[in-house]
Amino acid sequence: MSVILGIDIGGSGIKGAPVDLSTGSLTAGRFRTNTPKPATPASVAGAVKELADHFSWTGPIGCAFPARIAHGVAQTASNIDKSWIGTNVEKVISERMRCPVSVLNDADAACVGEHRFGAARGTSGLLMLITIGTGIGSALLIDGTLVPNTELGHLRMNGTIAEDFASDRIRKKADLSWKQWAGRFQEYLDYVEFLFAPDVILLGGGISKEKKRDQYFHLLTTRARLLPTSLENNAGIIGAAAYAGRAS
Ligand code: BGC
């Protein structure tokens, strides 16, 4: 059995659990700690260490991170501390942990997890995942192969960027009704469908949980098959572990 510690680093919480890569199931209960403030590289690495220590973990780690990641280095920092820009996330964490660490974008991780073990298991063609939370994250998989760092939450629309128009943060901030928010999100979906024509669109993030989903899912129309994610809050953890273990 190959087990890797999957960790999802977010703006408010850092969550993780060991993942059995043959089934995608967590081999121990998920551990969560608050994201330290300020969430600098040193403080986040410390929180990751706390999480790994909770599981007495010394093996390989896969991390989902809310930024564009190229060769382990964060290139953006929309919803995290700006000091991450240019920082080699893999290096910072592996030096602290003294174990191999692989890092990828959080939406990319969720999509990899959903494709391998969740709602889009085995889907071929063009699979798009959109996460809706503080920001909007996106991921594309073509016949199961990840096209990383698509960052479609930063598409320009209506004089701003998509995540400042249709994220869950904006729904709450602007006190939008579900219908008003769904109208905005529909505009965004129309735009990404026009640009990419995906076969399947998965909606994830906190807003895709069943109770909330019931408020708006029926208001959305797409040409693509529109599905909620099924691994919910664990998609990033499972996908990050699967990605880290991709060669095994
Ligand atoms: C970031 C993305 C991330 C998304 C969801 C956006 O602000 O630019 O990299 O995937 O938020 O966390």
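Note that ligands are numbered from 1 as they come in the structure, with each ligand's atoms numbered from 1 the same way. Numbers for residues simply follow the sequence, beginning at 1.
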Next on the checklist: Do V3 and V19 have side chains that approach each other closer than 4.5 Å (heavy atoms only, starting at C-beta)?
Outcome noted: no

Checklist entry - Should the proximity of P66 to ligand 1, defined as any heavy atom under 4.0 Å, be assigned to the side chain, the backbone, both, or neither? => result both

Checklist entry - Which of the atoms in ligand 1, numbered in the order shown and given with their element, are less than 4.0 Å from a heavy-atom of S78? => result 7 (O), 8 (O)

Checklist entry - For atom 2 (C) of ligand 1, which protein heavy atom lies nearest, and how many Å away is it? => result E151 OE1, 3.3 Å

Checklist entry - For the residue pair H54 and F31, does the interplanar ring angle fall in the parallel (under 30°), tilted (30 to 60°) or perpendicular (over 60°) class? => result parallel

Item to check | Neighbour count >12 (heavy atoms, 6.0 Å) for atom NZ, K212 | outcome: yes

Item to check | Plane angle bin for W181 and Y216 - parallel if under 30°, tilted between 30 and 60°, otherwise perpendicular | outcome: perpendicular

Checklist entry - Could a heavy atom of D108 be found less than 4.0 Å from some atom of ligand 1? => result no

Checklist outcome for this item: Taking only non-hydrogen atoms of N105 and a 4.0 Å limit, the atoms of ligand 1 in range are 2 (C), 3 (C), 9 (O), 10 (O)

Checklist entry - Any side-chain heavy atom of V89 sitting closer than 4.5 Å to one from V73? => result no

Checklist entry - In terms of residue, atom name and distance, what is the protein heavy atom nearest to atom 7 (O) of ligand 1? => result E163 OE1, 2.8 Å

Next on the checklist: Just so I know, are the side chains of V103 and V101 near enough to count as touching, which here means a heavy-atom distance under 4.5 Å?
Outcome noted: yes

Item to check | Chi angles and distances behind the salt bridge (Lys or Arg N to Asp or Glu O under 4.0 Å) call for D81, K37 | outcome: CA-CA 9 Å; D81 198 82; K37 288 196 181 3; over 6 Å; no

Checklist entry - Can you list the atoms of ligand 1 that are under 4.0 Å from a heavy atom of G137? => result 4 (C), 5 (C), 10 (O)

Item to check | Contact atoms of ligand 1, heavy-atom distance to H154 under 4.0 Å | outcome: 1 (C), 6 (C), 7 (O), 8 (O)

Checklist entry - Should the pair F185 and Y188 be assigned to parallel (<30°), tilted (30 to 60°) or perpendicular (>60°) ring geometry? => result tilted

Checklist entry - At what distance is the nearest protein heavy atom to atom 3 (C) of ligand 1, and which residue and atom is it? => result D106 OD1, 3.3 Å

Checklist entry - Counting from 1, what ligand 1 atoms have a heavy atom of A67 closer than 4.0 Å? => result 9 (O)

Item to check | G153 to ligand 1, any heavy atom closer than 4.0 Å | outcome: no

